[in-house]
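In the text below, chain A, chain B and the rest are named by the order of the sequence lines, each starting its count at 1.
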Number of protein chains: 2
Amino acid sequence: MEYITGSRKMGVMEAEELKKHIGETLQIHGSVYKLRKMSGFAFVLLRMRRAIVQCVYSKEFSGFPLEELREESCIVAMAQVVEEERSRAGYELRLLEVQVLSAPEAELPIVINQKQLSASLEKQLDFRPITLRNEKQRAVFKIQEGICRGFRAFFEEEHFTEIHTPKLVSAGAEGGANVFYLEYFGKQAYLAQSPQFYKQMMTAVYEKVYEIGPVFRAEKHDTSRHLNEYTGVDFEMSYITGFEELMQTETRMLKAALRMLQEEYQEELALLGVKLPVMESIPAIRFREAKELVAGEYHRESRERDDFEPEEEALLCKWMQKHTGSEFVFVTHYPSRKRPFYAMESRENPAETLSFDLLFRGLEITTGGQRIHNYREQLEKMKNRGMEAEDFESFLMMHKYGMPPHGGLGLGLERFTSKLLGQENVRYASLFPRDINRLIP
Amino acid sequence: MEYITGSRKMGVMEAEELKKHIGETLQIHGSVYKLRKMSGFAFVLLRMRRAIVQCVYSKEFSGFPLEELREESCIVAMAQVVEEERSRAGYELRLLEVQVLSAPEAELPIVINQKQLSASLEKQLDFRPITLRNEKQRAVFKIQEGICRGFRAFFEEEHFTEIHTPKLVSAGAEGGANVFYLEYFGKQAYLAQSPQFYKQMMTAVYEKVYEIGPVFRAEKHDTSRHLNEYTGVDFEMSYITGFEELMQTETRMLKAALRMLQEEYQEELALLGVKLPVMESIPAIRFREAKELVAGEYHRESRERDDFEPEEEALLCKWMQKHTGSEFVFVTHYPSRKRPFYAMESRENPAETLSFDLLFRGLEITTGGQRIHNYREQLEKMKNRGMEAEDFESFLMMHKYGMPPHGGLGLGLERFTSKLLGQENVRYASLFPRDINRLIP
């Protein structure tokens with residue numbers, strides 16, 4: 001019998017370590033990203049785990065024919081690290097020996113090793129398994145990883161408990177038209193539009209909880225800002241003294257993500273030419289005031305009294321940036337009739353909720369607010385909306401048997417990523433986006 | 001306009017900090033977990049974020065009537081921290097003033113504040129939103145959080161990139177009978193049984209990737225070890241030199257989780273009476289040898305030649321523990337016919353795959369292995385299985401255009417949690433389990 005001790009394979013060098021080994025000969029591995037043949041030698045750009053590294057092939061020192069190398073071949077190589085001022089990294093690698101582990105079967109149907117992918121979004125997505133190999137494309141999702149790491153560091157720091165709630169839920173919860181239905185062993189189930197009910201329940205257990213996971217919306221919109229499946233960053237916290245506390249908490253959460261990117265993702269940010277927004281504080285404006293401000297400043301009549309049209313959100317952000325310098329803005333006190341049945345209403349004005357959206361660069365990236373924790377108040381509001389309490393028995397159980405004041409929010413990871421990187425379509429920020437026309441790859 | 005600066009509410013004391021403040025009067029909050037009325041005073045056990053803290057009510061110092069407190073009421077209190085040797089924490093809290101934030105509307109339908117929940121599993125799950133408030137129930141999922149934190153710390157340490165892959169996928173991928181189908185804008189979609197294809201694709205992008213997310217299996221089994229939705233811990237890595245590297249990596253991953261629990265979850269482990277397994281190394285045995293061993297040692301004829309029956313897994317684990325001291329065992333080289341079409345076969349014996357399961361305390365908690373990376377080899381194997389290559393175009397794209405040797409595994413979070421805590425049913429380790437009969441709460 002063999003024993004697995006957890007030993008780690010040693011001796012393979014990562015790109016980040018290479019510059020510490022100038023003069024040495026090392027083993028590396030990677031994928032041939034680009035071959036540039038010159039007279040008498042060739043540049044071989046090797047795609048390593050997190051960097052594209054410049055290697056040099058020359059008959060003078062390379063003990064193999066150049067023909068062995070093809071773009072997108074995977075290789076293991078012995079290479080010498082040589083100081084080279086003209087290289088941005090300060091060194092280059094002389095390829096001495098290579099072993100080809102695999103080679104592509106055919107020419108790539110789309111060019112992936114130029115600075116920019118020149119294909120249309122549709123075509124990029126059709127070939128996503130290989131277009132993601134492009135240096136800039138993969139940087140997008142490395143940054144997205146960094147955002148999540150920043151969020152998680154924040155949640156751990158502030159003692160939020162991570163939960164995993166079901167995505168298959170029973171009919172009768174949030175409901176509405178934007179729901180995917182499926183058959184579940186003879187019953188009707190649907191895909192969770194958010195972990196809303198579950199995270200509320202869990203605040204009575206752990207006070208503060210979070211989840212980063214998939215959410216599903218059967219929206220028929222085909223726009224640059226809608227996805228039918230996206231990654232929800234949800235938190236919920238109890239013993240709040242007001243819904244402002246939720247905005248304070250989100251502000252710290254966002255700062256943590258920006259800090260993480262600042263500290264550990266400079267290479268990717270530089271590659272994409274992204275400058276992180278400076279964010280000291282975020283202005284907060286009431287919904288009614290915001291409507292009036294946009295109408296007054298931009299002479300724009302809105303057809304929708306109780307909600308924003310996308311263009312209004314863009315104009316509000318434009319105004320805020322101009323007058324406060326902030327690219328983020330909280331809009332508070334949304335009208336009750338446009339908020340869900342669990343939203344808490346203002347004591348002063350029941351037509352308004354203790355809720356907010358966060359807009360960033362023209363787009364809503366978060367919806368949040370305080371929830372009703374009193375059983376009778378929740379029952380009453382449901383009754384007024386013509387909802388049947390019996391359909392919500394397990395939801396109402398928490399209120400019935402004692403619930404602390406609580407609230408929370410959900411942030412769309414792809415929307416935030418997309419706006420942060422200045423992308424024109426949220427699909428660019430989803431690894432394998434799902435929209436009304438796309439289920440593949 | 002107001003500005004949100006990210007300021008943090010101060011002055012509320014967490015249970016962990018209390019013992020540093022003996023003699024002081026502090027603000028605390030929590031839920032009344034248990035009231036024990038004695039003559040002339042009362043013990044009030046307060047459920048705080050991570051601990052149940054003993055408070056004392058007495059007419060001598062409490063400026064409110066005891067009747068204000070009810071079990072499962074949420075309160076804010078001013079309390080004095082008093083040294084008390086008889087309390088396990090070394091202190092207790094004298095309740096001076098309270099503000100009741102909320103009170104339950106009705107008597108709880110199930111007793112939740114005893115050491116053990118005495119109800120049946122079914123009843124516990126029916127009332128899950130409130131039974132999770134039980135001290136031991138919530139400790140289970142705090143430990144589960146710790147396992148995930150340990151895994152993530154490991155993944156970050158070893159430079160795995162976190163990915164978010166779609167759960168809505170197109171028909172034609174892994175397929176089989178155990179799939180949930182749904183209608184997706186006039187097309188047929190199904191729920192991902194694993195992130196298998198996507199994580200494979202992503203190894204050509206980032207070398208090493210991981211995802212912790214929901215997976216869906218429409219299995220009709222109604223057993224103590226099956227869930228229809230569970231949390232998959234998946235990783236995949238490229239440039240491996242053999243499938244043993246995957247087992248080495250999983251061993252380090254598990255050690256990281258056990259270390260995290262050891263260091264930061266002692267309270268919960270003690271509460272549940274759990275002793276963590278000592279795990280220095282994990283024995284690995286070939287499938288054929290394991291079958292023979294169980295047959296020989298326990299005189300048990302298996303009806304199934306190419307797979308384990310659950311009882312055989314239990315017996316193998318029993319034998320391993322007795323003879324090696326290990327509660328984990330890797331079983332390797334599973335027969336090809338029982339492994340998926342992307343499993344790489346052994347060069348010496350194509351009837352065997354370069355794959356493994358990890359068994360822990362009698363139960364399979366992981367399936368993994370090396371995958372085919374060569375395009376023609378993958379095509380050939382699919383053809384031999386009567387599969388249509390056209391149905392797998394986006395999957396095969398990665399092979400066609402160059403793919404490094406790679407492999408990975410999936411671990412069931414609930415199964416691992418459940419076995420670690422000595423539970424008799426995996427449903428105890430799922431917050432809101434989904435099984436063939438249960439979709440609520």
Can you give me the closest heavy-atom contact between [X] and [Y], atom names plus distance?
X	Y	answer
M1(B)	I285(A)	SD-CB, 4.2 Å
M202(A)	L132(B)	SD-CD1, 3.7 Å
R434(B)	L168(A)	NE-O, 2.6 Å
K187(B)	I436(A)	NZ-O, 4.1 Å

If I measure from the heavy atoms of chain B, does [X] come under 4.5 Å with its side chain, its backbone, both, or neither?
X	answer
M237(A)	neither
P214(A)	side chain
S31(A)	both

* In terms of side-chain geometry, is the basic nitrogen of R152(A) or E156(B) positioned less than 4.0 Å from the acidic oxygen of its partner? ->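 No, R152(A) and E156(B) are not salt-bridged.
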* Looking at F185(A), does the NZ or CZ of K220(B) lie under 6.0 angstrom from its six-membered ring centre and within 45 degrees of the ring axis? ->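 No, cation not above the ring by the 6.0 Å, 45° rule.
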* **Quiz item: cation-pi between K167(B) and F216(A), 6.0 Å / 45°** =>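 So K167(B) doesn't make the cation-pi contact.
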* Asked: Which class fits the ring pair Y198(B) and F432(A): parallel under 30°, tilted 30 to 60°, perpendicular over 60°?
  ->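 The rings of Y198(B) and F432(A) sit tilted, inter-plane angle from 30° to 60°.
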* Any chance the side chains of Q144(B) and H164(A) put a donor and an acceptor closer than 3.5 Å? ->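 Short answer, no.
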* To do: Check the pair Y181(A) / E183(B) against side chain to side chain contact (heavy atoms under 4.5 Å, CB included), numbers first and verdict last.
  => CA-CA 7 Å; Y181(A) 290 92; E183(B) 203 220 295; over 6 Å; no
